[in-house]
Chemist: 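Take this structure first; my questions come after.
Here is the naming used below: chain letters follow the sequence lines, and residue numbers restart at 1 for every chain. Keep in mind that what you see is a predicted model, and the values were worked out from it rather than measured.
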Amino acid sequence: MNLDEYRSAARVWLAANADRTDDAREFMARLYDAGYSGITWPKRWGGQGLTQAEERAFAAEARDYALPTYIFSIGLGMCGPTLLDRGTDAQRERFLRPLLRGEEVWCQLFSEPGAGSDVASLQTRAVRDGDGWVVNGQKVWTSVAQHADWGLLLTRTDVDVPKHKGLTMFVVDMHHPGVTVRPLKDMTGRSHFNEIFFDDVTIPDKHRVGEVNDGWGVAVTTLLHERLSISAGVGMGGGADWLARLREAVDTGDPLVRDQLVELHIRSRALSLFNQRLSQETRAGLFPGARGSAAKLLLAELTLYTADLATSLVGPESVVDEELSHAISLAPAMALGGGTNEIMRNIIGERVLNLPPEPRVDKTVPFKDLKVGTQQ
Amino acid sequence: MNLDEYRSAARVWLAANADRTDDAREFMARLYDAGYSGITWPKRWGGQGLTQAEERAFAAEARDYALPTYIFSIGLGMCGPTLLDRGTDAQRERFLRPLLRGEEVWCQLFSEPGAGSDVASLQTRAVRDGDGWVVNGQKVWTSVAQHADWGLLLTRTDVDVPKHKGLTMFVVDMHHPGVTVRPLKDMTGRSHFNEIFFDDVTIPDKHRVGEVNDGWGVAVTTLLHERLSISAGVGMGGGADWLARLREAVDTGDPLVRDQLVELHIRSRALSLFNQRLSQETRAGLFPGARGSAAKLLLAELTLYTADLATSLVGPESVVDEELSHAISLAPAMALGGGTNEIMRNIIGERVLNLPPEPRVDKTVPFKDLKVGTQQ
Amino acid sequence: MKLVLGQDQQELRATVRSFLAGLSPREGHRPEVYARLNGELGLSGLIIPEEYGGAGAGLTELAVVLEETGAALLPGPFLANALAAIALTQVPDKELLTAVAEGRLTATVAPLPGGSDLVTASRDGEALVDGRLAQVVNAGEADVLLAPVTRHDGVALVAIDLAGEGVTRTPLTTLDLTRSQAEVVLEGARGRVLGSPPDGIALERAWNLFSVALAAEQLGVMRASLEAIVGYAKIRVAFGRYIGSYQGVKHKLADMHCKLEQAESIVRYAAWAADESPGELPEAAALAQAYVGRACFEVARDHLLLHGGIGFTWEHDAHLYYKRAKADEVLLGPPRTHRERLADLLEL
Amino acid sequence: MKLVLGQDQQELRATVRSFLAGLSPREGHRPEVYARLNGELGLSGLIIPEEYGGAGAGLTELAVVLEETGAALLPGPFLANALAAIALTQVPDKELLTAVAEGRLTATVAPLPGGSDLVTASRDGEALVDGRLAQVVNAGEADVLLAPVTRHDGVALVAIDLAGEGVTRTPLTTLDLTRSQAEVVLEGARGRVLGSPPDGIALERAWNLFSVALAAEQLGVMRASLEAIVGYAKIRVAFGRYIGSYQGVKHKLADMHCKLEQAESIVRYAAWAADESPGELPEAAALAQAYVGRACFEVARDHLLLHGGIGFTWEHDAHLYYKRAKADEVLLGPPRTHRERLADLLEL
């Protein structure tokens, strides 16, 4: 089957199946049966053994549908690929097929209240106990944890070595009685994320991913996959939608209003054309790498700019308009999640422009002697 | 004589004398004879022994005149005060009165091509030779050097200690045959500054200011006086003048043009009110200290903004208009001279907001092992 | 021109600041707090002339107080009541002024120049008012509403008993969680005409004073936001260093400080103009809203962003400041209206 | 839509870049350089159709070349001649097109839609032209001027021999030291009417193509500025560290990179629209000038500022880029005119 045939078949299948159900697990099972789950994953672990080309073709066809696969996105985008790269065969055998079939939901447990941008300074401890491990600590900013069966958990296992060298990765059973999932209310008043508390949670050693104290190496793999998923999602910038909505809501006969809308158009076109150029480069085999961070940074700024502009143009009514109030409340999310704007600028500066790094004070000090989190 | 009487007398004197001559030296002599030179300096060294109050009163009266005292400003504002603070009595006796009388012009010789923001990394060497010193090296950004009789010169006398600890300050004879003054053409096409080359220039030890290797301590005194002179001069921001000029030159019937002029008004009023508040605080005995750096930073930004706006509003003609072309060419000067914007933000961050400093890699390394200037 | 606070004003600030220190913006309107603010501190009568039982202070003093209530995000009708006192002072009404000064009555205002579709057919002091006000600040908590009403001889300021007949108040869900708004529908609601209408000039002056008063609150919001993030930047660590040591944070905080310095200068100037130089007031007031409104939002936004993830949580106060800053920025109309007013005054 | 350069275009870029590598923007117009550019590289005929002896390439290729000449700040009439070739291609004139393609003749243009007060009384192909053009780019170095002239049936594009009788050229002192301008006064100057006037549509299209061509040059100016300061930030030390290691510098450079990425995307898009999607051209062209003109100046300005004191010196090239960026930003009119055109096209 060549790529065009593949695409046609996908289109037909989606037309017949995409809108048939809202149940995520049921839909994933059908996706798996039809051969559209794990398209690039090896056949041995339940995948289809195809290439990026087929995966992109399917994604392009699927873009027109709101597929109910959100709760599996962390597992499929980050946890699964990490196990493929760094797990044992026993782990792959146990975990990958149920993930692809929609039988088990995964979440990712890296960030902590004291370790955001600087994930490697995390403090959740895993201590050896016979053949297994006992975990205590707290994670935060965890999507879909309330649905999750398994979590990919990064812990500290040695405080006597520098921070990157004392971490270990595990698969944790989210149904363990010591795991508490609490929704985290954010500034929009809604709960998009969770806090997770670990209270003497036991994990068998066979659920360790990678070597003891090599957790950072494993996490880098996961974060690379995360960055790929984010930059794939970038490009949906809401600038154009807001322009359409605002031109109805405000007086474009006022030249100042008109000029503000032109500015919004300019910024949103500039970013959307940049995103399209990155896509074309990717299709041509030029992997954008860290340049994707520029698109992420620009989207974060455009999102803030757009919500601010919309409320300013509309004026007093915007504070009692549900849509505008939600927009201005949600606007900071893109600038904070998936790496703050400052982190993005560091990445662009160091990995795209190859500027010299900051002097690092935290790479050689034993973790126990390092300042972390929030302290005087 | 109370302050009002002092002010009245100054007003009368200025009205009679301010416009009588363009000759700077002659005018300074008359200023000295009238008792308006070195108003706050001790009588012993030729000053008037009065207070800041009298000095400010005279300055306020003098503001309406273009006094031809520019070439003495470095001597009176920086070099003289440094000798008052840190010189020997013999140096004060020899140098201060001729300065106050306009008989000798001074310049300041700190910056080098490789040492701008980071003055203490300078490389001009002074080496002991019998009872004196021999100097080789290059200075740059030196105002009035072409007129100067004496220079306050910061040199490196020890490369085996950290950079701040191996500097020594001297008074150098600008007429020494080893001193070459070359005008430095800047991007406006004019020469506001000079480069100075030192080729085996000898200096007697009696012209050393402060202890050997304590030059940084002396320089800090000088730079403090420099900062005071700059922030005293700040506040003349050209925003209001440009607004008046532009409202004649462009079509204010265009609402977008009108809005741009309002923005210029807002920014220039914001800064001028801030400057006035700082002045009132100073008069009330609250010394603004590092907060003056905020005024300097804002003036630098306003200057860039104004020239950019004016040329953008006027359009194609601005590139063949002498005044506008000069304005856009000169605009960067305020952001580069007297500390770059980045240095100002550091000062505000660390000395006003008391934020923690950067980790410093250059405070403990011997100078000879330190990276300085421009290098691979 | 006076841009520096005097001794008395500094003491007033210290008193109010220390009173507000223990309060949380999350507690909602607490009448017992207002009883002490109005009683012990006498703030409801601060700018009301002494002949009506007030302290007879000026906008300069009111600005000092509003900066503190802004910094504390004091919930409830403090600003609304202060704006009402400003309006009442322009069209002096003994009964209402005395009641507000003594803290017996809380008033609020509807937007003054235009913006209201209220009408009345009456020609004397009593009026039956019809119309709808889409958004009135703190209408749910206030006793009396002051609103511009159109009648035969032009616009008059009318006082309406919010608990009276013909008044329907519907609470609105607002962005700013620390300041409520309500829709007010009037169907033959009884009102009393204040002053000697038409009072265009008095209402214009009131509007300018509103702009100054709001700018003072915004200055407080800015200051508190900047102080919060500066404090956090000194204790939060990333990559082994306090985040305030990174230029990425430090330089942004320096820029925020510059905005605060300029905003304070403008507020002091506008308050001085209100008290001492009426001719400068309109321009100063438009300048205050045009500069301070924007600067306040930018500082509050950046203070939230620099907090990182924690700034996005409901439990942290950062979003309360961010939302107040946005709500304040548009409270007296879309920001461009202040710029347009300024352009008109400059005869551009 | 095609936003990525093909193999041929990349080779063209490499060829032009390597040719320009040894040149300095301070050397002024060197005819021998142009002889090779037009001869060996065939650049003067790049977009001229093959039937007139050109290479028949599109705006996409011209943009690649202009990006390089912009990056090098190539002095002389390169851009002017390219704009003239664009105009001539819209109202094809065999004699001039062939001469430009072969490099025998250098042309320049006066601003096309409006902006010119030139008039002629003649009704046939030959015309005697009167009027004054305040600023014509490279008029001092060009042989022929193309200018819109008002006549009985509307505006016509007229070719005027700049060395002919009735033409007075006065060189102007310009901000941009690498691109000359002159005043041109025409008193009964002999001209030849091109195309079949009135040619409003052709001239409108030419204007849009000018916007795209200029944006390509601006992209080159931006790129070269950013590369220069990134390079300097890697070798300049302050306080014992390379300045590029400070976030104050690094983060600004990252923002400049973001502008460059967006500017390049817009230029590629606008050039593609010029070649393949004429309906999108007007909007793409206005977008190109509205975004890239501003971004180019901001990047050139910040590149100069980040150099510190040395960037302020005459000897350093930073100011040449800064001045070119400003001159380019206003070359086709005050920047707001591009935004207004865009607003019109968007039917805002």
Chemist: Please check if the number of heavy atoms outside A:Q375 that lie under 6.0 Å from its CD is greater than 12.
Modeler: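 Yes, enclosed.
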
Chemist: Side chain, backbone, both or neither: which part of A:S318 has an atom under 4.5 Å from a heavy atom of chain C?
Modeler: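 Side chain only.
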
Chemist: Flag yes if more than 12 heavy atoms outside C:K234 fall under 6.0 Å of its NZ atom; otherwise flag no.
Modeler: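 Yes, enclosed.
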
Chemist: Are C:L304 and A:M187 side-chain neighbours, meaning at least one heavy-atom pair lies under 4.5 Å?
Modeler: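 C:L304 reaches A:M187 side chain to side chain.
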
Chemist: Could you give me the CA-CA distance, side-chain angles and deciding distance for C:Y246 and A:N346, then say whether side-chain contact (heavy atoms from CB on, under 4.5 Å) is met?
Modeler: CA-CA 11 Å; C:Y246 291 99; A:N346 276 345; over 6 Å; no

Chemist: Mark yes or no for whether A:D118, through its side chain, and C:A238, through its backbone, hold a donor-acceptor pair below 3.5 Å.
Modeler: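 No; zero donor-acceptor contacts below 3.5 Å.
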
Chemist: Is it the case that atom CZ in C:R26 sees more than 12 heavy atoms from other parts of the structure closer than 6.0 Å?
Modeler: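 Yes, because the 6.0 Å sphere around CZ of C:R26 holds more than 12 heavy atoms from other groups.
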
Chemist: Can you list the residues that meet the salt bridge (charged side-chain N to carboxylate O under 4.0 Å, His left out) rule with A:K363, with sequence neighbours excluded?
Modeler: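 Partners of A:K363 by the salt bridge (charged side-chain N to carboxylate O under 4.0 Å, His left out) criterion come out as none, since no residue qualifies.
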
Chemist: Below 4.5 Å, heavy-atom pairs only: which of C:V249, C:T174, C:L175, C:L332 has the largest tally toward chain A?
Modeler: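 Top count of heavy-atom pairs under 4.5 Å with chain A: C:L175.
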
Chemist: Could you give the distance from OG1 (C:T313) to CH2 (A:W141), rounded to the nearest 0.5 Å?
Modeler: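 Rounded to the nearest 0.5 Å, the OG1-CH2 separation comes to 6.0 Å.
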
Chemist: State which residues pass side chain to side chain contact (heavy atoms under 4.5 Å, CB included) with C:Q135; sequence neighbours excluded, sorted by chain then number.
Modeler: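 Applying side chain to side chain contact (heavy atoms under 4.5 Å, CB included) to C:Q135 gives A:P316, A:E317, A:V319, A:V320, C:L172, C:Q181.
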
Chemist: Mind listing the closest non-hydrogen atom pair of A:S312 and C:K326 along with its distance?
Modeler: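 Residues A:S312 and C:K326, closest heavy atoms: OG-NZ, 3.0 Å.
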
Chemist: Tell me, do C:F239 and A:V372 make a side-chain contact under 4.5 Å, heavy atoms counted?
Modeler: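 The answer is no; the side chains never approach within 4.5 Å.
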
Chemist: Test side-chain contact (heavy atoms from CB on, under 4.5 Å) on A:L336 and C:H307 and set out the steps.
Modeler: CA-CA 9 Å; A:L336 297 172; C:H307 270 95; over 6 Å; no

Chemist: Could you have a look at C:A327, C:P335, C:G248 and say which one has the most heavy-atom pairs with chain A under 4.5 angstrom?
Modeler: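 Of C:A327, C:P335, C:G248, C:P335 has the most heavy-atom pairs under 4.5 Å with chain A.
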
Chemist: In terms of heavy-atom proximity below 4.5 Å to chain C, should A:E342 be classed as side chain, backbone, both, or neither?
Modeler: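 When you check distances to chain C, only side chain atoms of A:E342 fall under 4.5 Å.
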
Chemist: In terms of heavy-atom pairs under 4.5 Å with chain C, which of A:T311, A:D186, A:L304 leads?
Modeler: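 Heavy-atom pairs under 4.5 Å are most numerous for A:D186.
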
Chemist: Against chain C, work out which of A:H326, A:E358, A:R360 has the most heavy-atom pairs shorter than 4.5 Å and name it.
Modeler: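 Answer, by heavy-atom pair count under 4.5 Å with chain C: A:E358.
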
Chemist: A:L324 versus chain C, heavy atoms under 4.5 Å apart: side chain, backbone, both or neither?
Modeler: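 Neither; nothing under 4.5 Å.
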
Chemist: Side chain of C:R336, backbone of A:L313: donor and acceptor closer than 3.5 Å?
Modeler: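 Flag set: sc C:R336 to bb A:L313 pair under 3.5 Å.
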
Chemist: Can you confirm whether C:V237 sits close enough to A:L370 that some side-chain heavy atom of one is under 4.5 Å from a side-chain heavy atom of the other?
Modeler: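 No; the side chains remain at least 4.5 Å from each other.
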
Chemist: Determine whether A:T374 and C:Y232 make a side-chain contact, defined as any pair of heavy atoms from C-beta on separated by less than 4.5 Å.
Modeler: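 With C-beta onward as the side chain, the pair touches.
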
Chemist: Heavy atoms only, distances under 4.5 angstrom: which of A:S329, A:S121, A:S191 has the most pairs with chain C? Name it, please.
Modeler: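 Most pairs with chain C among the choices: A:S329.
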
Chemist: For the interface with chain C, which of A:V314, A:D254, A:N341, A:V365 has the highest count of heavy-atom pairs at distances below 4.5 Å?
Modeler: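 Of A:V314, A:D254, A:N341, A:V365, A:D254 has the most heavy-atom pairs under 4.5 Å with chain C.
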
Chemist: Quick one: of A:R345, A:K163, A:E322, A:Q260, who has the most non-hydrogen atom pairs under 4.5 Å with chain C?
Modeler: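 Of the candidates given, the most pairs with chain C belong to A:K163.
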
Chemist: Pull out the residues in residues 290-302 of chain C that come under 4.5 Å of chain A, heavy atom to heavy atom, sorted by number.
Modeler: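 Expected list: C:R294, C:F297, C:R301.
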
Chemist: Please look at A:L184 and chain C and tell me whether the side chain, the backbone, both or neither of the residue comes under 4.5 angstrom of a heavy atom of that chain.
Modeler: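 Only the side chain of A:L184 comes within 4.5 Å of chain C.
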
Chemist: Considering only heavy atoms, which portion of A:A115 lies under 4.5 Å from any heavy atom of chain C: side chain, backbone, both, or neither?
Modeler: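 Just its backbone gets close to chain C.
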
Chemist: Which pair of non-hydrogen atoms, one from A:P332 and one from C:F312, has the smallest distance, and what is that distance?
Modeler: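 For A:P332 versus C:F312, the nearest heavy atoms are CB-CD1, 4.3 Å.
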
Chemist: Would you mind checking which part of A:D308 comes under 4.5 Å of any heavy atom in chain C, side chain (CB onward), backbone (N, CA, C, O), both or neither?
Modeler: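 Both backbone and side chain.
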
Chemist: Would you please go through residues 315-323 of chain C and name the residues with a non-hydrogen atom below 4.5 Å from one of chain A, in numerical order?
Modeler: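 The stretch touches chain A at C:E315, C:H319, C:Y322, C:K323.
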
Chemist: Taking atom CG of C:L306 and atom OG1 of A:T340, what is their separation to the nearest 0.5 Å?
Modeler: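 Rounded to the nearest 0.5 Å, the CG-OG1 separation comes to 9.0 Å.
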
